[in-house]
Structures are given as structure tokens and as C-alpha cells.
Visitor: 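Okay, here's the structure, questions in a sec.
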Amino acid sequence: MTNQEVAKLLRNVAAAYSIKDEKKYRFQIIAYQKAASSIETLTKQLKDLYKEDDLNNIPGVGESIKNHLLELFKTGEVSHFRTVMGQVSQAVFPLLDIPSFGPKKAYKLTEHFNLTNPKTVIADIKKLAQSGQIAELDTFGEKSQKDILQALDEYSKGAGKTTRMVLPVANNIAQEVIKYLKKSKDVKQAYALGSLRRMKSTVGDVDLAVSSSNPQGAIEHFMNYPYKSRMIEKGTITASFLTSGKQQVDLMVLPPKQLGSLLQHFTGSKNHNVALREHAIKKGYSLSEKGIKLKNGSLKTFSSEEDFYNFLGMDWIAPEMRENKGEIELAIKRNLPKLVSLSDIKGDLHTHSNYPIEPSHDLGINSMQEMVDKALDLKYEYIGFSEHNPSVSMHTEKQIFSILSKRKAHIEQLNKSLKNQKTNNKNVRVINLLEVDILASGKIALPESCFDLVDAFLVSIHSSFGMEKKAMTERIIKGMSSPKAKILSHPTARMINNRPGINPDWGEIFEFVAKANKALEINSWPERLDLPDDLVFEAKAKNVKFIINTDSHAASQMDNMFYGVSVARRGWLTKNEVLNTKNDADFSSWINSK
DNA sequence: GCCGTTTTCGGCCCGACTGTTTTCAGTCG
């Protein structure tokens, strides 16, 4: 059972409790939901923690839920859960992933129409709505019935509560809508907030905030956005619509003097905000998007987010850190890490040119010279070319040696001409790297005779993703043990929304990497963002060093560095832990070290 | 059911919007 599935199970238990008696079980419901969200963000599989007898340190999981989990992994089910969930129709649960359906609505419908089959319940509800029977139900009406059909229709096309966009998709929507918003005289400033501002690897819906002295006017303008498919809601300070691509955009508008609390509130995360408000209660304050309610009941407003945090007795916290992982405590102690930023980056070490290396995977589309020009634009001091190794099955060892010899000479020639061209103190040095597969056996996909034709390897996994934990761990460590292997590229090999990624013992790999003076890559490709931020956070605690790379297959893609830096920031990395913030001389001495 | 820089008992974030009501329940973030 995966963490996702366990989390869903706990949420279902919470839903069953709220159906039974929401008041009576109020705090159990919150506890189960908290445990679910905590389990969802674990970096280790619960099942592994269970095997290692290590279920004691999961936040939100106490004695009671821990014992339920023990029973779950031991026997495959939990008698307490069965009792609680058995009191409602099993047909309730599939409905809970449909937007606008909560426990109460799902229960009322399944109960009244006696729906018991979880496999057909969605189709059953659709038929009932189409035949007009739902509108006749108490507390339902024509509009609710229509809304249900709408929600079911969108759900069938993939719009569930859990579907999420990758960052560039969300970013494009946000920029489009912001550009449109700024055309209105009622819009002073507009910002992208929520998980997009926190740069989470995926975004559920696009949250925007506007400061305006005429919120109604701003909302009207927002609602006239030309590329929307339908309105979801529209109030006096908030509104939402679905874009033509069926992505949800939420807006909140407040006057400029309340912009600080608005930014803070709408950036989240939910867990960060809850923790911040619990902290504020101890001081006698109550926080909301409107400002801070003081003990005497008056509302203090903030035009800047910095002032809002400062008033609570803490430093401003970078949005990427706002996940309630201890950032509030550090902000109070005025001891937050100074996060790495894009301008700290001095080189990109994972790029693919179109140099004819006859690789096992894809080539890039631009020449080395074109990629170098882009590196100069970005004011880098160095760029590493790391095309895939020549295909081992298609070539003899001799042929590979010949290809790599020519490539080495080509790079040396390129460096020579770059040195002579040096202008305006702008120069860049080319580093001769190679991305080499770690085969299932742990062997490197390159003959040893060719090792000296390259300065260093990025090693990576491109096949046999499903290996057992222990075998996978050994494979990676063996692959990284070659003295030339300095960087483990896109370590989990995940593809967001597509492939889950491998499951080795990360703790063991982190220890190896730190001890052997090697580095883990943070891959900036938006569908990868790999190492994922939560594992970066863990690896940092084990003194692992990182390199942020773009994995570009075209010069223009080197701009993706921004996304990788965001992953690093979400993992709380400072400049010291990111090796490609070093100057050329220092970086060179690391990459050539044995 | 969880948790501890006021607590091993007694607390537990805060508000917006809609559809159905005529003061609220349900959902969402």
C-alpha cells in the first residue's frame, strides 16, 4: 500500500466520522486529516518504516493511529476503520474526489437513493440528475442538480481534486491573466500566489491577488476574462473561473493598505498558516487575510508582508519555505538560512549539444558554440557538455574511443578559441563531461579504456526502474563508485504525472555521496524537478552537496535553471551546498578531484 | 486523536461564497 493510498484511507475515515456526527468527532476528523496530509508528504514509504519498526516520528500520527497502521500492514485491514466506514455506504467514497462533493452531499445522495455500489455510483448519480430526481430532494434544487452534472462532466474529463499542473503551465496561465488584469484601472498590483509562489513542483489551481481601491470593479474585470470556459463563483472580494483549458483560477482582492496580510494569507501553505495562527493566538492575536485582530478587538492592517511577519516577532520567510517544517521557529530566532538564488549560479553542467556522438538516447538541437553563446548571455563562468554516452550496443569499443577522442579534441579547440576571443571580461570555459547510464548491473555504460577521454561523468538511470530497494541501492552506489562519476543525475528518474521514480534507500545513498565528495543533481526540467524538494531537504541534513542543472537539449532551455533553483530553495539550500555557485577555479578543482 | 517555551489536561485557525434556507449547512483554501 502506497503513502497516497494510506492517506486516502485516513481521509475516508475522517469523512465517515463527519457523516456519523461532525460535532462529536470534530477533533478526530481534524486529527485524521492532519495525519493524512503528513503521510502524503513523507519521503519514505510507510511500509518501509513499518518494516524498520519506525512509525514513531511521523508528525500527526500518535499512539492510536500508529496502532491502526501497524494493524493495516500486518493484516491488510483495520477493524476500527471497518467499523467506522462500515456505517455508511461504500458508494460514498468514490464521490469524494469530485470537486464540490464533500462527505455530507455524498452521504445524502447515496442514502436517499439507496446507492451501494462504489463502482457504478458516479454513473448512477449522473442518471438521477439527468432525470431530474436530485432537484426534488430536500436542500437540493435545480441549480444544485445542474452543478452536479457540471462537476461530473468535468471530472470525467480529468478535473479531479487531485489533478495538478506542472509549473510552466501554471506560470503561463498566471502571467496571461495578470497581464489582462493590469489593463483595468481598478487593478493597482497583481500577484501570483499559492503553491505557484511557493514554487511547488505541481500546482492545483492558480491563485492570484490584486490590490485595489475598488474591489468590485476589479472582480468585474476579472470575470470578463476572454479565455474562460465558465464562472465558478463571484463574491465581493473573491472570485474564481475555469479557463478554456479547464484550469481553475482564484482571485482575492483587497485595498492596498491590506496587501501585506493578503499576500501572506493567499500564499499559504495551509499548514504554514495554521501554525502561524496558532503561534499568534498565544500572543493574543487573531490572523486573517484582512490583517491582525488585536486583544482589544481592533484590526491592524499591513501594506507589506515584511511588516506582517515582523509584527508577529519574526523575520520575513521566503515563500518556498512556508510548509511548516520548522521555518516559523527559525524566523522567531532570527536564524533563517540565506537561500541560494538564481544570480548565485555560475555554470550549467548538464547540457546536450548536437555534437554527433551517436548516443543511446537523444541529442540536443544546438551546436556547442550556440550553447556557449547562451552561457555567455547568462554570465556563466563555465558550461559542461554532457551528451549521452555513445550507444554501447551499436558500437565497438574502438569506435567509441574514436568518437570520444574527436569530441575531446573538438572541446579543446573550442576552449582555445574562446580564450582568444575574450572580450569585456566575459568568458566561459567548456568542461568535457558525459552523461553515462548506470546499467541494471551497476556497471557504467562506457568501456574503461575511454574514461580518460572525459573529465568527469554524470551518471544516471534510464532503464530498469522497478528494481527492489536493496538491489537498486547497490546499483546506484556501484555506479557512483567510479572515480570519474561525480554527479548522480536526476536521481529518482521520476516524470511528474507520468512515472513515480525509483525507490532505493536514500539515507544510504546520501551518506555515500557526502562521504565520497560527490554531488546529487537537482534537475531543472519542469517534468522532472529531480531530486524532489523534500528529498533535498533530507539530504541537506546529511551534508550532501548539490549541483543545479538544466538538462537542456536546446540553448533556450538553459533558462530553466530558475526552476531548479526553486527546488533548491524549497529544500532550504544555501549557496554553500550548491557546487555550481563556486567560481571556475574552485569548481574545476572539485570536478577533477579523485 | 494529537500535542506541549503558559498545558500529560484541555485546548484545537479563519474566513469567503453558494444554494438553500430565512439564519444556515456544506465546501473550499
Visitor: When you check the side-chain N and O atoms of A:Ser261 and A:Gln264, is any donor under 3.5 Å from an acceptor?
Guide: no
Visitor: Whole-Å distance between B:dC2 C1' and A:Ile29 CD1?
Guide: 15 Å
Visitor: Counting any heavy atom closer than 4.0 Å, what does A:Lys333 reach on the DNA or RNA strands: base, sugar-phosphate only, or nothing?
Guide: nothing
Visitor: Hey, does A:Tyr25 reach any base, or is it just sugar-phosphate, or nothing, if we go heavy atoms under 4.0 Å?
Guide: nothing
Visitor: Give A:Ser240 one of three labels, base, sugar-phosphate or nothing, depending on what nucleic acid heavy atoms sit under 4.0 Å from its own.
Guide: nothing
Visitor: Quickly work out the A:Phe266 CZ to B:dG15 P distance and round it to whole Å.
Guide: 16 Å
Visitor: In whole angstrom, give me the gap between the P atoms of B:dA16 and B:dT20.
Guide: 22 Å
Visitor: Check whether any side-chain nitrogen or oxygen of A:Lys290 sits under 4.0 Å from OP1 or OP2 of B:dA16, and answer yes or no.
Guide: yes
Visitor: Which part of the nucleic acid, if any, lies within contact of A:Lys104, taking any heavy atom under 4.0 Å across all strands shown: a base, the sugar-phosphate backbone alone, or nothing?
Guide: sugar-phosphate
Visitor: Is the positively charged end of A:Lys257 above the ring of A:Phe302, judged by distance under 6.0 angstrom from the centroid and angle within 45° of the axis?
Guide: no
Visitor: I'd like to check, for A:Phe101, whether its ring lies over the base of B:dT27 with centroids under 5.5 Å apart and a plane angle smaller than 30°.
Guide: no
Visitor: Mapping A:Tyr17 and A:Asp205 to their closest nucleotides on DNA chain B, which lands nearer the 5' end?
Guide: A:Tyr17
Visitor: Counting neighbours of NZ on A:Lys293 that are heavy atoms of other residues, nucleotides or ligands and sit closer than 6.0 Å, is the number greater than 12?
Guide: no
Visitor: Counting only side-chain N and O atoms of A:Ser64, is one of them less than 4.0 Å from OP1 or OP2 of B:dG1?
Guide: yes
Visitor: Across all strands shown, which nucleotide pairs with B:dT8 by Watson-Crick or G-U wobble geometry, both distances under 3.5 Å?
Guide: none
Visitor: In terms of heavy-atom contacts, does NZ of A:Lys185 have more than 12 from other residues, nucleotides or ligands at under 6.0 Å?
Guide: no
Visitor: Any base atoms under 4.0 Å from A:Gln28, or only sugar-phosphate, or nothing? Heavy atoms, all strands.
Guide: base
Visitor: Mind checking whether A:Tyr285 and A:Phe311 have ring centres under 6.0 Å apart?
Guide: yes
Visitor: Do A:Lys228 and A:Tyr225 form a cation-pi contact, if we require the NZ or CZ to be under 6.0 Å from the six-membered ring centre and within 45 degrees of the ring's axis?
Guide: no
Visitor: Rounded to whole Å, please give me the gap between NZ in A:Lys282 and C1' in B:dG4.
Guide: 8 Å
Visitor: Name the closest nucleotide to the A:Glu22 side chain, picking from B:dA16, B:dG26, B:dG29.
Guide: B:dG26
Visitor: Please determine whether a side-chain nitrogen or oxygen atom of A:Thr236 lies at a distance below 4.0 Å from atom OP1 or OP2 of B:dC17.
Guide: yes
Visitor: Is A:Lys161 near enough to B:dC28 that one of its side-chain N or O atoms lies under 4.0 angstrom from OP1 or OP2?
Guide: yes
Visitor: What distance, rounded to whole Å, do you find between the two P atoms, one in B:dT6 and one in B:dG11?
Guide: 16 Å
Visitor: At 4.0 Å (heavy atoms only), tell me whether A:Lys234 reaches a base, stays on the sugar-phosphate, or touches nothing.
Guide: sugar-phosphate
Visitor: The side chain of A:Pro103 lies closest to which of these nucleotides: B:dT27, B:dC12, B:dA16?
Guide: B:dT27
Visitor: Looking only at side-chain N and O atoms, does A:Ser286 come under 4.0 Å of OP1 or OP2 in B:dC14?
Guide: yes
Visitor: Which part of the nucleic acid, if any, lies within reach of A:Ile281 when heavy atoms closer than 4.0 Å are counted: base, sugar-phosphate only, or nothing?
Guide: sugar-phosphate
Visitor: When you measure from the side chain of A:Ser144, which nucleotide among B:dC13, B:dG19, B:dC14 comes out closest?
Guide: B:dG19
Visitor: Would you classify A:Tyr32 as touching base, sugar-phosphate or nothing, given that sugar-phosphate means primed atoms plus P, OP1 and OP2, and contacts are heavy atoms under 4.0 Å?
Guide: sugar-phosphate
Visitor: What is the distance from CG of A:Asp250 to C1' of B:dC28, rounded to the nearest Å?
Guide: 9 Å
Visitor: Rounded to whole angstrom units, what separation is found between the CG atom of A:Leu95 and the P atom of B:dG26?
Guide: 16 Å
Visitor: I'd like the P distance from B:dT5 over to B:dG1, given in whole Å.
Guide: 24 Å
Visitor: On a whole-Å scale, what distance lies between the C1' atoms belonging to B:dT8 and B:dG15?
Guide: 33 Å
Visitor: In whole angstrom, give the distance that lies between atom CZ of A:Arg277 and atom P of B:dG29.
Guide: 15 Å
Visitor: Select base, sugar-phosphate, or nothing to describe what A:Lys293 touches, counting heavy atoms under 4.0 Å on all strands.
Guide: sugar-phosphate
Visitor: Check A:Glu154 with A:Arg230, please: is the shortest side-chain N to carboxylate O separation under 4.0 Å?
Guide: yes
Visitor: In whole Å, what separates the P atom of B:dC28 from that of B:dT23?
Guide: 26 Å
Visitor: For the P atoms, the ones on B:dC17 and on B:dC13, what distance do you get once it is rounded to whole angstrom?
Guide: 22 Å
Visitor: So, is A:Lys105 close to the B:dG26 phosphate, meaning a side-chain N or O under 4.0 Å from OP1 or OP2?
Guide: no
Visitor: Over how many whole Å does the gap from A:Gln216 atom CD to B:dC17 atom C1' extend?
Guide: 13 Å
Visitor: Both A:Asp147 and A:Gly62 contact DNA chain B. Which one's nearest nucleotide lies toward the 5' end?
Guide: A:Gly62
Visitor: Describe the nucleic acid contact of A:Ile237 in one word from base, sugar-phosphate, nothing, applying a heavy-atom distance below 4.0 Å.
Guide: sugar-phosphate
Visitor: Of the candidate nucleotides B:dA16, B:dG1, B:dT20, which contains the atom at the shortest distance from the side chain of A:Ala31?
Guide: B:dG1
Visitor: Which part of the nucleic acid, if any, lies within reach of A:Ile65 when heavy atoms closer than 4.0 Å are counted: base, sugar-phosphate only, or nothing?
Guide: sugar-phosphate
Visitor: A:Met223 has an atom CE; how far is it from atom P of B:dC17, in whole Å?
Guide: 11 Å
Visitor: Just do the side chain to side chain contact (heavy atoms under 4.5 Å, CB included) check on A:Leu95 and A:Thr110 with the steps written out, would you?
Guide: CA-CA 10 Å; A:Leu95 296 175; A:Thr110 54; 4.0 Å; yes
Visitor: Which nucleotide in the set B:dG29, B:dG15, B:dC17 lies at the smallest distance from any side-chain heavy atom of A:Glu233?
Guide: B:dC17
